Amino acid sequence: MSDARDRKARIAALRPAYRADLAAGGDRFLAPRRTTCPWCASTRLSRRLCTTDLLQHKPGRFTLDACAGCGHIFQNPQLTPEGLEFYYRDFYDGLGEQRMSGTFGGRDAMYRGRAEAMLSHDPAPKTWLDVGTGHGHFCAAARGVLPGTAFDGLDFTDGVEVAAREGRVDHAYRGAFPDLAPELAARYDVVSMFHYLEHSTDPDRELRAAREAVRPGGHLLIEVPDPESRYARLLGRWWLPWLQPQHLHFMPAGNLRRRLTDLGFTVVAEQHAEAHDPVDLLAAVWLALDHAAPRDDAPWLPEPPGALRRALRTALLLTGVPALVTATLLDRLAVRPLSHRLRLSNAYRLIARRP
């Protein structure tokens, strides 16, 4: 009860600032629409998806365009710096920090699998930089796989400072990776970007920063959503990796391989089944239920929901429990073993060596 009262008070305290932001209008949150692909400059663009914020339910509509020239999918128009601040606010930190920390903190097996992917290429890296580290949970779990490795973390939110205070990273860098890359030049045996590149406003600039930070002979490890997954079309707007409006770019594996080669890397591994996170059906059912239900309280809503709306929300979510359980079983027992064969893997992983 005390947690509920505390959350209610925090929401009430945040509501005036959100009300002022929304009163100023949302046009400043979106840049002018692009007429060319940001990856290959082709003008052959078509609309792939139009959706809303299905996780926080902040106001706005967002469009993803697909390039017929290279297959790149990107948010168009893209969020401005003001838009990024508005839509990220209270998601990973602030009001959402406890929820997201719990979500990411309970995935040690997945984090260990990511670290183990490096063992056949470099079984004992001395230094590792995790870009987009959040609260550093990957680094903490990876120490069990690579106990002799020093793990540093980089992020632009205050989560990386939390990671340092909790001892999950040896050193914390807060800021934009391209801006910090010159001071990190050739320092790391491994640089990892786990579900980071799709958040970037300029993926090519991030890759060039990574090339600068990886020492000669070192490796770059990237994991991103796979826009060529069949789930992307089968589930439509309910496919969790679309994650609008935060995910700005979706790169087919072939595109990313070629760009890494152009930057002088040698791609030594491409993994799909190993990078798959078996949550697609569960997430789709939850997103649909949550979308249909009356809104839970949030500071960007004009006022808190009344007792009747809260009761209706609880009742609808409870009726969805059997569907959520069924979706979980299908994800883990039926789809996971066949995810790559059926082309349902929702992510892919590339490991590239800098000669």
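Predicted, not measured: the structure shown is a model, and the values here were computed from it.
Donor-acceptor pairing under 3.5 Å is lacking for the side chains of Gln75 and His247. Side-chain N/O atoms of Asp130 and Ser192 include a donor and acceptor closer than 3.5 Å. Using a 3.5 Å distance cut-off with no hydrogens or angles, the side chains of Asp189 and Trp128 do not pair a donor with an acceptor. For Tyr196 and Glu206, the side-chain atoms include at least one donor-acceptor pair closer than 3.5 Å. Tyr92 and Asp155 share no side-chain donor-acceptor pair at under 3.5 Å.
One N or O on the side chain of Thr319 and one on the backbone of Leu316 form a donor-acceptor pair closer than 3.5 Å. Listed for the Thr133 side chain is no donor-acceptor partner under 3.5 Å among the backbone atoms of Leu154. A donor-acceptor contact shorter than 3.5 Å links the side chain of Trp300 to the backbone of Gln56. At distances below 3.5 Å, at least one donor-acceptor pair connects side-chain atoms of Arg168 with backbone N or O atoms of His135. Between the Arg47 side chain and the Thr63 main chain, no donor and acceptor come within less than 3.5 Å of each other. Judged by distance alone, the side chain of Arg354 and the main-chain N or O of Arg211 form a donor-acceptor pair under 3.5 Å. Here the side chain of Asp65 pairs no donor or acceptor atom with the backbone of Asn76 at under 3.5 angstrom. A donor-acceptor pair under 3.5 Å links the side-chain atoms of Arg295 to the main chain of Asp290, judged by distance alone. Judged by distance alone, with hydrogens and angles left aside, the side-chain atoms of Asn255 form a donor-acceptor pair with the main-chain N or O of Cys70 at under 3.5 Å. The backbone N or O of Pro337 sits nowhere less than 3.5 Å from a side-chain atom of Arg341 that would complete a donor-acceptor pair.
Using a 4.5 Å heavy-atom cutoff, the side chains of Asn346 and Asp226 are not in contact. Looking only at side-chain heavy atoms (C-beta outward), Leu221 and Arg114 stay at 4.5 Å or farther from each other. With contacts defined as side-chain heavy-atom distances shorter than 4.5 Å, the pair Arg208/Arg205 qualifies. Looking at Pro305 and Pro294, their side chains never come closer than 4.5 Å, going by heavy atoms from C-beta outward. Using a 4.5 Å cut-off on side-chain heavy atoms (C-beta onward), Arg10 and Asp6 make contact. You'll find the side chain of Pro225 reaches within 4.5 Å of the side chain of His195, heavy atoms only. At least one side-chain heavy atom of Met118 sits under 4.5 Å from a side-chain heavy atom of Ile351. Side chains of Leu129 and Arg187 form no contact here, defined as non-hydrogen atoms less than 4.5 Å apart.
A 6.0 Å sphere centred on CZ of Arg233 holds no more than 12 heavy atoms belonging to other residues, nucleotides or ligands. Annotation for Arg33: atom CZ counts as buried by contact number, over 12 foreign heavy atoms lying within 6.0 Å. Surrounding CZ of Arg28 are more than 12 heavy atoms belonging to other residues, nucleotides or ligands, all under 6.0 Å away. Within 6.0 Å of the CD atom in Glu183, the count of heavy atoms belonging to other residues, nucleotides or ligands exceeds 12. In the displayed structure, Asp27 atom CG is contacted under 6.0 Å by at most 12 heavy atoms of other residues, nucleotides or ligands.
When every heavy atom of Val190 is checked against every heavy atom of Pro125, the shortest pair comes out as CG2-CB, 3.9 Å. Heavy-atom minimum distance, Ala347 versus Ala275: CB-O, 3.6 Å. What you find for Thr80 and Leu30 is that their closest heavy atoms are CG2-C, 3.4 Å. Scanning all heavy atoms of the two residues, the minimum distance from Gly69 to Arg44 falls at CA-NH2, 3.3 Å. Residues Arg332 and Arg336 share a closest heavy-atom pair of O-CB, 3.5 Å. Of all heavy-atom pairs between Phe138 and Ala115, the closest is CE1-N, 3.9 Å.
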Subject >> Evaluation steps, side chain to side chain contact (heavy atoms under 4.5 Å, CB included), between Phe194 and Tyr111 >> reply: CA-CA 10 Å; Phe194 296 115; Tyr111 298 143; over 6 Å; no

Original post:
Please walk me through it: do Glu274 and Arg349 pass salt bridge (Lys or Arg N to Asp or Glu O under 4.0 Å)?
Top reply: CA-CA 8 Å; Glu274 298 87 342; Arg349 183 184 299 153; 5.9 Å; no

Original post:
Where do Thr326 and Val285 land on the side chain to side chain contact (heavy atoms under 4.5 Å, CB included) test, with the steps shown first?
Top reply: CA-CA 10 Å; Thr326 301; Val285 172; over 6 Å; no

Original post:
Can you list the steps and then say if Asp170 with Arg143 is a salt bridge (Lys or Arg N to Asp or Glu O under 4.0 Å)?
Top reply: CA-CA 11 Å; Asp170 293 294; Arg143 293 181 195 279; 3.3 Å; yes

Subject >> Evaluation steps, side chain to side chain contact (heavy atoms under 4.5 Å, CB included), between Asp158 and Arg174 >> reply: CA-CA 7 Å; Asp158 60 6; Arg174 184 174 182 181; 3.5 Å; yes

Original post:
Does the pair Trp242 and Leu235 meet the rule for a side chain to side chain contact (heavy atoms under 4.5 Å, CB included), with working shown?
Top reply: CA-CA 10 Å; Trp242 291 133; Leu235 298 178; over 6 Å; no

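Applying the ring-ring contact (aromatic ring centres under 6.0 Å, His included) definition to pairs two or more places apart or across chains, those involving residues 36-61 are Trp39-His72.
Checked against the 6.0 Å centroid threshold, Tyr18 and Phe86 count as a close aromatic pair.
Residues Val131 and Phe265 are members of one and the same hydrophobic cluster, defined by side-chain heavy-atom contacts under 4.5 angstrom among Ile, Leu, Val, Met, Phe, Trp and Tyr. Val160 and Leu184 fall into different hydrophobic clusters, where Ile, Leu, Val, Met, Phe, Trp and Tyr side chains are chained together by heavy-atom contacts under 4.5 Å. Put simply, Tyr348 and Tyr231 are part of two different groups of oily side chains (I, L, V, M, F, W, Y) that touch within less than 4.5 Å, one to the next. A single hydrophobic cluster is not seen to contain both Met110 and Val169; linkage of ILVMFWY side chains at heavy-atom distances under 4.5 Å, directly or through other members, places them apart. In this structure, Trp238 is not a member of the same hydrophobic cluster as Val325, with clusters built from ILVMFWY side-chain heavy atoms closer than 4.5 Å.
Separating the CD atom in Gln246 from the CG atom in Leu84 is a distance of 9.0 Å, to the nearest 0.5 Å. If you take CG on Leu95 and CG on Asp90, they are separated by 5.0 Å, rounding to the nearest 0.5 Å. In this structure, CD1 on Ile11 lies 8.5 Å from CG on Leu301, to the nearest 0.5 angstrom. The CG atom of Leu256 sits 4.5 Å away from atom CG of Leu260, with the distance rounded to the nearest 0.5 Å. Distance check: Lys58 NZ to Thr52 OG1 gives 14.0 Å after rounding to the nearest 0.5 Å. Note that the CG atom of Leu240 and the CG atom of Asp277 stand 8.5 Å from one another [nearest 0.5 Å].
In this pair, His340 and His272 present their aromatic rings parallel. The plane angle is below 30°, not in the 30 to 60° band.
Taking a cutoff of 4.0 Å between a charged side-chain nitrogen and a carboxylate oxygen, Arg89 and Asp21 qualify as a salt bridge.
Of the options Arg309, Arg310, Arg15, Lys8, a salt bridge (Lys or Arg N to Asp or Glu O under 4.0 Å) to Asp297 is made by Arg15 and by none of the others.
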